Structures are given as C-alpha cells and as structure tokens.
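For reference, the structure is listed below as structure tokens.
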Amino acid sequence: NVGEIMHQVESKQAEYHDILSNISELHLEIDVILDEIIVIMAKIEETDAKITVVESRKKQIEKEIIIKELELAKKQKEYGERLREIYKQGDNSIMQVILGSDSLGDLASRVDAMIKIAEIDKAMLEKIDSMKIALEGKKIDLQEEIAALDALNFENNKNLVEVEDKKNEATIKLMEMEVEEAKILP
C-alpha cells in the first residue's frame, strides 16, 4: 500500500516534471517566435524608409517631367511660329536673295545670313529632339520608380502576412502552455 502510494507520487512527480519541461520548451518557442516578429518588423520599417525615399524620387521626377514638357511645348511653339513666318514669306526668298543683291559681296552676305538662319533652325530642331529624348528618359525613370515602389509595397505586405502568421503561431503556443499549466494548477 505504501509502495503503491510512493509509486503514484513518483509517477505524478515525473508527470509534473514533464509538464514543467513542456512549459519551458513552449516558453522558448514563444521567445523564438517573438524574436522572429521583431526581425520582420525591422524589415518592414526598413522597407517603409525605402518607400519614403522612392516616393520622394518619384515626386521629383514627376516635377521634372512637367518642367520638360513645358520647355518642349515652348520650343515647339517657337519653331512653329518660325515656320509660319517662312510660309508667309513664300518660297521665293532664295530667289529674292539672289536677285535683290546689289553686288557680289552683298550676295555673299545674304547667302551667309541664310546659312546662319538655316543653322539656327537646325539647332532648334535638334534641341527639340533632345528635349523629347530627355522627356522620354524621365518617363522611363518614373516607371522604374513606380515599379520599385510596387515591389517594396509587395515585400511589406508579404512581411505583414508573415508577422500575422507568427502572431497566430505564438497564440497557439500560449494556449498549449495554458493547457500544460492547467494540468499542474487545477
């Protein structure tokens, strides 16, 4: 009878030690989960900082695009006005230069002036073309920034889901620990 009681006490003590061991193990698992949550939250904060930088660059590029579009529109208007003036004068301006010259020196001066005007027109067209290329480059930069922003937001959302999963895992471990503690404390 005493031996049987001692056996039951030893059995209960072994069971008690197993429960304490399980509780201790669950505490460690919860600590690991909480550490993982902290790491993930740090990643989220880091990603949020990157998002802020990318959004700032995106806004700057959008401003630059507006400025480039305005500059381009101004140059195109100037060139359009220049072409209208040429059209109003008609095609016989070259003939007027040749026939209206008083001397060979005057003819050379007039031809030189026409060449300079043509060079100015060519430079204006090249400037308009380079502005268009720069504008397209800025638009590509903007698309790249938007893509980077989307990728960062995706990463953040993925990390937030992972945090929720870890919180759920920790909740389950806490419930398991409560069950184990209830075995000791009725």
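In this text the structure is predicted, and so the values were computed from the model without any measurement.
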Can you tell if the side chain of Val163 reaches within under 4.5 Å of the side chain of Ile44, non-hydrogen atoms only? yes
Pairwise distance CD1(Ile19) to NZ(Lys183) - rounded to 0.5 angstrom: 5.5 Å
Determine, step by step, whether Tyr16 and Leu20 satisfy the side chain to side chain contact (heavy atoms under 4.5 Å, CB included) criterion, reporting the C-alpha distance in whole Å, the side-chain angles of both residues, the deciding distance to 0.1 Å, and the verdict. CA-CA 6 Å; Tyr16 176 75; Leu20 286 180; 3.2 Å; yes
Please check: side-chain N/O of Thr47 versus main-chain N/O of Lys43, any donor-acceptor pairing under 3.5 Å? yes
Between the side chain of Ser109 and the main-chain N/O of Gly105, is any donor-acceptor distance below 3.5 Å? yes
Mind checking the CD-CD1 spacing from Glu10 to Ile5? Nearest 0.5 Å is all I need. 12.5 Å
Look up atom CD1 in Ile117 and atom CG in Asp112, then write down how far apart they are to the nearest 0.5 Å. 10.0 Å
For Leu152, does its backbone N or O pair with a side-chain atom of Asn156 as donor and acceptor, under 3.5 Å? no
Measure the spacing between CG of Asp150 and CD of Gln143 and express it to the nearest 0.5 Å. 9.5 Å
In Å, rounded to the nearest 0.5 Å, how long is the span from OG of Ser56 to CD1 of Ile61? 10.0 Å
Taking side-chain contact (heavy atoms from CB on, under 4.5 Å) as the criterion, tell me which of Ile67, Leu72, Ile66 meets it with Leu70. Ile66
Against Arg57, only a single residue in Glu64, Glu144, Glu62, Glu145 fulfils salt bridge (Lys or Arg N to Asp or Glu O under 4.0 Å); can you say which? Glu145
Could you report the tightest heavy-atom contact between Ser101 and Asp106, atom names first, then the distance? CA-OD2, 3.3 Å
Measure the CG-CD1 distance between Asp141 and Ile146 for me, rounded to the nearest 0.5 Å. 11.0 Å
Criterion salt bridge (charged side-chain N to carboxylate O under 4.0 Å, His left out) on Lys58 and Glu55, from CA distance to verdict: CA-CA 5 Å; Lys58 179 182 167 245; Glu55 285 177 341; over 6 Å; no
Write down the atom of Asp121, the atom of Tyr79, and the distance for their closest heavy-atom approach. O-CE1, 3.9 Å
Return yes if some donor-acceptor pair links the side-chain N/O of Asn153 with the main-chain N/O of Leu149 below 3.5 Å, else return no. yes
Would a single hydrophobic cluster contain both Ile120 and Ile115, if residues Ile, Leu, Val, Met, Phe, Trp and Tyr are joined by side-chain heavy-atom contacts under 4.5 Å? no
Residue set satisfying salt bridge (Lys or Arg N to Asp or Glu O under 4.0 Å) with Glu69, at least two apart, ordered chain then number -> Lys139
Applying salt bridge (charged side-chain N to carboxylate O under 4.0 Å, His left out) to Lys50 and Glu46, what does each step give before you reach the verdict? CA-CA 6 Å; Lys50 289 178 185 177; Glu46 183 180 317; 3.7 Å; yes
Please check this pair: side chain of Thr171 against backbone of Lys167, looking for a donor-acceptor N/O pair closer than 3.5 Å. yes
Using the rule given for side chain to side chain contact (heavy atoms under 4.5 Å, CB included), can you reason through Met175 versus Val179, listing the C-alpha separation, both sets of side-chain angles and the distance that settles it, and then say yes or no? CA-CA 6 Å; Met175 288 189 299; Val179 167; 5.6 Å; no
Does the side chain of Asp48 come within less than 4.5 Å of Ile51's, by heavy atoms? yes
So that I can tick it off, tell me whether Glu119 and Lys122 are bridged by a salt bridge, with the cut-off set at under 4.0 angstrom between side-chain N and carboxylate O. no
Same cluster or not: are Ile23 and Leu174 linked, directly or through other Ile, Leu, Val, Met, Phe, Trp or Tyr residues, by side-chain heavy atoms under 4.5 angstrom apart? yes
Have a look at Lys173 and tell me which of Glu29, Glu180, Glu178 forms a salt bridge (Lys or Arg N to Asp or Glu O under 4.0 Å) with it. Glu29
Nearest heavy-atom pair of Ile37 and Lys166: which atoms, and what distance? CG1-CB, 3.4 Å
Single-linkage hydrophobic cluster, 4.5 Å side-chain cutoff, Leu83 and Met131 together: yes
Please tell me whether Leu160 and Ile40 are part of a single hydrophobic cluster in this structure, the criterion being side-chain heavy atoms less than 4.5 Å apart. yes
Correct closest heavy-atom pair for Lys75 and Met124 would be O-SD, 4.4 Å
Under a 4.5 Å cut-off applied to non-hydrogen side-chain atoms, are Glu15 and Lys12 in contact? yes
Check Arg110 against Gly100 and note the closest heavy-atom contact, atom names and distance. NH2-O, 3.4 Å
Going hydrophobic residue to hydrophobic residue with side-chain gaps under 4.5 angstrom, can you get from Ile172 over to Val32? no
